[in-house]
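Below is one structure, written out as structure tokens; comments come after it.
Note that the numbering runs from 1 along the sequence shown for the chain.
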Amino acid sequence: MIYDLSLQTGGFIAGMALVVLSLPGLIKPGLVQIWLKRFPRSGVGGIVLLSLVLVWSFWLLATMEMGEFSSFRRPLMIVLPIGYVLVLRFVEEFLAVRALGILCLLAAEPLLEAAFFRYETTRLFLTVLAYLLIVAGLCWVTMPYLLRDQINWSARSNMRWRTVHGIGAVYGIAILACTFRQY
């Protein structure tokens, strides 16, 4: 196991993240729509998210058990920062979306690990969220314009916007309820 998260801790973190990310869209939809429409091409957002991805990946590479591939650890630890600099230099378009996609891929693994070999049926809330993060992450890394299109689609009408953010908030509350009652 790479992460030592219990199902309760993983559920709490995931539920709070969903609620915290969904509530601003429900409370101040106009302001959040303006910010989100600018996010895919945000240079600062891309640098911040990619730096977070670099730190997380470097920590994983430095601490995880690699078994027979442990001889690759040092070269990979050298290549990772070089790749970071090269991505910052040459990948300007939709850098924030690509970095967010990588972050989603990194965030899915602790959720899956927390739900692994647990018998509660409600663990599937975390498992489904993890697989949604994986699909979204893969799509956003390979086709970053999709996030821009998804934001524009959800912002097309006020009802659609509130529905999308309401679903996120309700899903987060459901995970939190399971966290405090069943895990």
Side-chain angles (χ1 to χ4, degrees), residues 5 7-53 56 87-88 91-115 120-183:
L5 282 181
L7 187 60
Q8 186 174 23
T9 306
F12 180 76
I13 292 170
M16 286 302 294
L18 279 172
V19 170
V20 166
L21 292 174
S22 297
L23 280 182
L26 288 171
I27 296 170
K28 294 274 190 186
L31 186 65
V32 174
Q33 284 178 9
I34 291 169
W35 184 82
L36 276 179
K37 285 183 180 181
R38 281 192 242 141
F39 173 74
R41 295 195 183 269
S42 170
V44 173
I47 291 170
V48 168
L49 288 176
L50 195 64
S51 298
L52 182 63
V53 165
W56 192 342
V87 166
L88 286 179
V91 181
E92 295 173 5
E93 193 161 325
F94 291 116
L95 179 61
V97 180
R98 294 176 198 273
L100 180 64
I102 297 169
L103 193 60
C104 287
L105 292 171
L106 284 170
E109 204 279 330
L111 297 179
L112 287 174
E113 192 173 295
E120 300 93 342
T121 306
T122 54
R123 78 184 185 290
L124 294 176
F125 280 124
L126 282 182
T127 306
V128 167
L129 177 62
Y131 283 112
L132 288 173
L133 286 172
I134 291 169
V135 170
L138 288 172
C139 289
W140 293 341
V141 168
T142 58
M143 299 173 287
Y145 58 87
L146 286 180
L147 180 62
R148 179 199 60 205
D149 295 344
Q150 291 163 351
I151 292 168
N152 289 335
W153 177 85
S154 64
R156 200 165 290 146
S157 74
N158 200 17
M159 181 67 170
R160 193 180 291 177
W161 181 264
R162 291 194 182 276
T163 301
V164 168
H165 286 271
I167 289 170
V170 167
Y171 196 67
I173 291 169
I175 291 174
L176 285 173
C178 291
T179 297
F180 292 121
R181 295 185 55 111
Q182 295 187 352
Y183 300 155

Say you draw a straight line from [atom1] of [X] to [atom2] of [Y]; how long is it, rounded to the nearest 0.5 Å?
| X | Y | atom1 | atom2 | result |
| --- | --- | --- | --- | --- |
| I151 | R148 | CD1 | CZ | 10.0 Å |
| L147 | N152 | CG | CG | 9.5 Å |
| Q8 | F180 | CD | CZ | 7.0 Å |
| W56 | L106 | CH2 | CG | 5.5 Å |

Taking all heavy atoms of [X] and all of [Y], pick out the closest pair and write down the distance.
| X | Y | value |
| --- | --- | --- |
| L5 | P110 | CD1-CB, 3.8 Å |
| S22 | G168 | OG-C, 3.3 Å |
| L111 | G10 | CD2-O, 3.8 Å |
| L7 | E120 | CD2-OE1, 3.7 Å |
| A14 | L126 | CB-CD2, 3.6 Å |

Name the atoms and distances for all side-chain donor-acceptor pairs under 3.5 Å in residues 29-51, with sequence neighbours left out.
residue: S42; atom: OG; partner: G45; partner atom: N; Å: 2.9
residue: S51; atom: OG; partner: I47; partner atom: O; Å: 2.7
residue: S51; atom: OG; partner: Y84; partner atom: OH; Å: 2.6

> So do R162 and L26 actually touch side chain to side chain, heavy atoms under 4.5 Å?
Replying inline: yes
> Can you check whether T179 reaches F125 side chain to side chain, under 4.5 Å on heavy atoms?
Replying inline: no
> Side chain of S154, backbone of Q150: donor and acceptor closer than 3.5 Å?
Replying inline: yes
>> Evaluate L88 against V91 for side-chain contact (heavy atoms from CB on, under 4.5 Å), listing each step before the verdict.
In response: CA-CA 6 Å; L88 286 179; V91 181; over 6 Å; no
> What residues form a ring-ring contact (aromatic ring centres under 6.0 Å, His included) with F94, not counting sequence neighbours?
Replying inline: none
Side chains of residues 127-137: which donor-acceptor partners sit under 3.5 Å, not counting sequence neighbours?
residue: T127; atom: OG1; partner: R123; partner atom: O; Å: 3.2

>> Under 6.0 Å from the ring centre and within 45 degrees of the ring axis: does the NZ or CZ of R98 meet both conditions for the six-membered ring of W140?
In response: no
